[in-house]
Amino acid sequence: MTTTGDAARVRGEAGASWEDEALAHALGTGVVTGDAVVLELPRASAVLRIASGLLDALVVLVVGLVVLVVALPRLGGANTSSVATVVSVLLVLLVVGIPTAVETLTRGRSLGRLVMGTRVVRDDGGPVRFRHAVVRALTGVGELWLLTGAPALITALANRRGKRIGDLLAGTVVVRERAARQEVREVLMPPELARWASTADVGALPAGLALACRQLLARSHRLNPTSREQLGAQLRADVVARVFPPPPPSASPERVLAAVLAERRRRDLERLRAQEERRRQDADELQRLPFS
């Protein structure tokens with residue numbers, strides 16, 4: 001086993017550019033979390049996306065027909081402009097308003113996606129928010145409704161992550177939720193570096209570089225010792241260039257990488273707990289309102 005072969009394999013998996021290509025490679029088959037864990041949520045196939053889209057379109061059409069059947073008799077005495085206004089508002093609600101609300105409230109799901117086992121997530125694996133949903137819905141008016149989905153299908157087939165135009169503009173990707181998830185070992189904090197890591201600024205570490213560090217730690221036992229040492233030293237230099245203050249000079253490369261990843265994960269968990277606590281407090285405040 002040659003040194004060049006090991007380096008090429010790890011670089012091929014992490015990408016030639018830590019910041020961009022590693023993350024793109026990982027997102028080709030899954031989603032990268034904040035601490036560079038690749039969740040095995042493969043992108044949804046074109047067949048699944050078409051099926052879920054047809055189901056959602058059918059729901060929209062049925063709802064639209066029901067509303068028209070109920071509303072049109074009551075508009076019998078109205079002039080043409082009033083009827084046109086009502087129909088226009090109804091169309092906007094059906095193709096933009098309702099999809100945006102459903103996708104936002106369900107965090108990327110819809111009836112069609114629920115049936116097909118798919119979900120829309122951000123490029124970093126997080127749940128979509130209102131701005132992502134509204135961009136996807138507005139873009140969908142043209143590429144899905146007016147042009148019958150042809151641009152969306154062509155773009156999804158040409159894109160390595162299966163993205164349609166709305167996904168490219170919104171920064172989202174559709175994944176399969178029902179796929180088996182990969183079990184990932186938790187990176188533990190080296191005790192001798194815990195104090196340094198707790199005060200270090202690790203937020204500037206790109207997701208691609210963090211992924212490369214995790215891959216090295218997970219596969220170090222399978223690498224040639226020389227390759228392991230060289231790759232560890234290179235990744236340590238890349239990490240130290242983005243972390244302040246720098247780690248103790250005597251700390252080994254793999255111990256430094258483990259400390260940075262473990263600290264990133266700890267801070268991510270703390271941030272999530274704080275967000276959950278704020279949501280709980282807001283809910284309690286709403287319950288105390290007079291007409292809640």
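Positions are given from 1, in the same order as the sequence printed here.
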Minimum heavy-atom separation for A170 to H132, with atom names? O-CD2, 3.1 Å
Give every residue pair that meets the salt bridge (Lys or Arg N to Asp or Glu O under 4.0 Å) criterion with at least one member in residues 97-119, sequence neighbours excluded. E103-R113, E103-R136, R109-E177, R119-E177
Quick one, V128 and T104 - any side-chain contact, counting heavy atoms below 4.5 Å? no
Is there a continuous path of hydrophobic side-chain contacts, each under 4.5 Å between heavy atoms, that joins V95 to I98? yes
Of all heavy-atom pairs linking M116 and A51, the shortest is SD-CB, 3.6 Å
Above 12 or not: heavy atoms from other molecules or residues under 6.0 Å from CZ of R195? no
NZ/NE/NH1/NH2 to OD/OE distance under 4.0 Å, D167 and R43: no
Scanning both residues in full, the closest heavy-atom pair of P246 with V240 reads CB-CG1, 4.1 Å
Can you measure from CG (L188) to CD (E186) and round to the nearest 0.5 angstrom? 5.5 Å
Closest heavy-atom contact between L90 and G64? CD2-O, 4.2 Å
What I'd like to find out is whether the side chain of V260 reaches to under 4.5 Å of the side chain of C213, using heavy atoms alone. no
Would you say V120 ends up clustered with L168 if hydrophobic residues are merged whenever their side chains have heavy atoms under 4.5 Å apart, either directly or through other cluster members? no
To the closest 0.5 Å, what do you measure between CG (L217) and CZ (R255)? 10.5 Å
Taking R49 for its side chain and G162 for its backbone only, find out whether a donor-acceptor pair lies under 3.5 Å. yes
Electrostatic pair E270-R273, nearest N-O below 4.0 angstrom: no
Any non-hydrogen side-chain atom of D201 less than 4.5 Å from a side-chain atom of V243? no
From S198 atom OG to L193 atom CG, the distance as rounded to the nearest 0.5 Å: 10.5 Å
Could you please spell out the steps behind the side-chain contact (heavy atoms from CB on, under 4.5 Å) verdict for L209 and L235? CA-CA 8 Å; L209 177 55; L235 287 174; 3.8 Å; yes
Donor-acceptor contact below 3.5 Å, side chain S227 vs main chain L223: no
When you measure from the side chain of E143 to the backbone of G166, do you find a donor-acceptor pair of N or O atoms at a distance under 3.5 Å? yes
Would you say V141 ends up clustered with V135 if hydrophobic residues are merged whenever their side chains have heavy atoms under 4.5 Å apart, either directly or through other cluster members? yes
Apply side chain to side chain contact (heavy atoms under 4.5 Å, CB included) to L272 and list each qualifying residue two or more places apart in sequence or on a separate chain. Q275
Do E263 and R267 meet the salt-bridge criterion of a basic N to acidic O distance under 4.0 Å? yes
Side chains of L94 and V63: does their closest heavy-atom pair fall under 4.5 Å? yes
Establish whether W145 and V67 are linked, either directly or via other cluster members, by ILVMFWY side-chain heavy-atom contacts under 4.5 Å. yes
Would you say P245 and W196 make side-chain contact, with heavy atoms under 4.5 Å? yes
Would you say that K163 contacts V173 through its side chain, given a criterion of any heavy-atom pair below 4.5 Å between the two side chains? yes
Give the cluster check for L54 versus V174: same hydrophobic cluster or not, with ILVMFWY residues linked at side-chain heavy-atom distances below 4.5 Å. no
Approximate separation, where rounding is to 0.5 Å, of L144 CG and L153 CG: 10.5 Å
Check this for me, if you would: do D268 and R265 make a salt bridge, where the nitrogen-to-carboxylate-oxygen distance has to be below 4.0 angstrom? no
Where do A197 and M189 come nearest, in terms of heavy atoms and distance? CB-CE, 3.6 Å
Can you name the nearest heavy-atom pair linking P253 to G232, along with the distance? CB-O, 3.3 Å
Are any side-chain N or O atoms of R122 and backbone N or O atoms of P127, one a donor and one an acceptor, separated by less than 3.5 Å? yes
Supply the atom-to-atom distance L269 CG to R271 CZ, rounded to the nearest 0.5 angstrom. 9.0 Å
How about P247 and R236: do any of their side-chain heavy atoms sit closer than 4.5 Å? yes
Just so I know, are the side chains of T118 and V175 near enough to count as touching, which here means a heavy-atom distance under 4.5 Å? no
Might you work through the side-chain contact (heavy atoms from CB on, under 4.5 Å) test for L111 and L55, ending with a clear yes or no? CA-CA 7 Å; L111 182 60; L55 284 174; 5.9 Å; no
Say you draw a straight line from CG of L231 to CD of E254; how long is it, rounded to the nearest 0.5 Å? 10.0 Å
